[in-house]
Amino acid sequence: MAIIDIKRNEVPIRENRLGAVTGYVGTIGDLHERATNCGVGNRERCFTQASACSSGCCQNQLGSISDALVVNHAPVGCAADSVAGNVNFKSGARLRGLDYTNVQIISTNLEERDTVFGATDKLRDTILQAYERYKPKAIFVTASCVSGIIGEDIQSVLNELKEELDIPLVPAFCEGFKTKVWASGFDAAFHAVLHGIVAPPRSDVKSNKVNFVNFRGSARKEIINTFSKLGVEPVFLLQHSTVEEIRRISEARATVSICGTLGSYLGNGLEQHYGVPYVNTEQPHGISGYKNWLRSLGTLLEAEDAVEAHIAAEEARIAPELEEIRARLKGKTAVIGMGPSFGHNYTRVLRELGVEVLWAATWHFDQNYDHGEVPESTKRLAEADESLQVSVGDQQNYEIVNLLGKLKPDIYVTRHGGSSVWATKMGIASYMITDEYAAFGFNGILNFGNVIIDKLTNRSLARKLAERIKLPYSDWWIAQDSFSLLNAEGF
Ligand code: SF4
């Protein structure tokens, strides 16, 4: 098990810390068995298309804290991901009935001359001006490829400014070139929080809070209601939380997450350093995931009876509609393309709805999480059907298009617009899941099933696009092995 060192200002990337891979093809049984025993060797590609960057994940997590500010020490283009982050932030504000504001992410706008002469003065000025203008409660400085390659000493600048500014000044080292696993940026953000914001628990405080690591929190009302039956209150992290709330998360009674990829680092960090237990089951998507997750939380809170009463009532309530949905989805097929936690959880959810998953592609795979075990969602999927076909690739769309062209599923289910658009252009119904709570628990599985039915019923957009669009991928490529550009292990 990796020990999380919160005294260091930098977290090791997932490839080194969790044995994360971005190249694999095989079955879920083989993937799980090798991750549990000898380990999966990564397979490099001899050709890659554009992918994503860990810096965006880091900036958008930290930039979504209501009263903090991010200075991105980078060329201005590195802040491009903040556009999507801003949309999510405003969406979270709408859910909470808050005024619309922008994420507070400021770029130092590194230019060519800065790469020659250095830009620590520019960084110092930017931090001071940002503080003057916005009076944030904390400032995070996120690194970039350029600041990393020219060796900018971000920590020294922050150390000097600590004399002048009486707020936490925290670096987040998320240079994009360091990793192919963009989720390493989540870890960089949560490490910055653990390293620079979270305070040790106060001995005289008895908290009734449960940390809930998520993105926008669309199901917050339902969660608040459910948690009240267990005698606790959720603290949603990080979007729209405050620096003071984050400072106190070490006092919570437990930590849970909507996504194993997102929550593993913070959850295990809080458990290792402050004894806040982290719920390590699969995530609360669909029925069995939600039940296992809630039961684990209920055990930690000694609220088993309340959990069982809730589960029994809810299961009985949704049973008739769930049966109808299953009848309508019988015989339908799907291909999945998502991050690893969502991918393996949603494969299970689709199977709970009676949909046959022909292939589950994930954008990377962590061979273990920070508590030292293979992800529970992977383990349970392997136990259910070890022959399920899976692959791992950092959203290489040429592989996805090839798979869709061969497998011709009824629907392609993904979490990324840059991936779903290809299925639509091929005439295949697609579902881009923007809401992390799309299949959350008992209500979620009904909503999710009904949306899938809608997507399968209304296919005219995909059909008409496919009639008019010429794909850049030729029939020759679709006829090739989907993974013919994946090297053997060790090459
Ligand atoms: S890969 Fe590097 S240069 Fe590109 S956006 Fe990320 S940090 Fe910036």
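Both counts, for ligands and for their atoms, begin at 1 and track the order of listing.
Nearest to atom 6 (Fe) of ligand 1 among the protein's heavy atoms is C53 SG, 2.2 Å.
Judged by distance alone, the side chains of T108 and T126 never bring a donor and an acceptor atom under 3.5 Å apart.
Here the options are N86, V70, T142, the test is side chain to side chain contact (heavy atoms under 4.5 Å, CB included), and the partner is I105; only V70 passes. Of the candidates F448, Y346, Y290, F440 forms a ring-ring contact (aromatic ring centres under 6.0 Å, His included) with just one, namely Y290. Of the residues N109, T115, D114, L110, the one that meets the side chain to side chain contact (heavy atoms under 4.5 Å, CB included) test with P75 is L110.
The distance from ligand 1 to the heavy atoms of C145 drops below 4.0 Å at these ligand atoms: 1 (S), 2 (Fe), 3 (S), 7 (S). Listed by number with element, the atoms of ligand 1 under 4.0 angstrom from any heavy atom of G176 are 1 (S), 7 (S).
Within a 4.0 Å radius of atom 2 (Fe) of ligand 1, the protein has at least one heavy atom.
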Checklist entry - Run the side chain to side chain donor-acceptor pair (under 3.5 Å) check on N102 and Q104 step by step: do they pass? => result CA-CA 6 Å; N102 290 321; Q104 299 202 127; over 6 Å; no
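Among C78, S51, A143, the residue whose heavy atom sits closest to atom 5 (S) of ligand 1 is C78.
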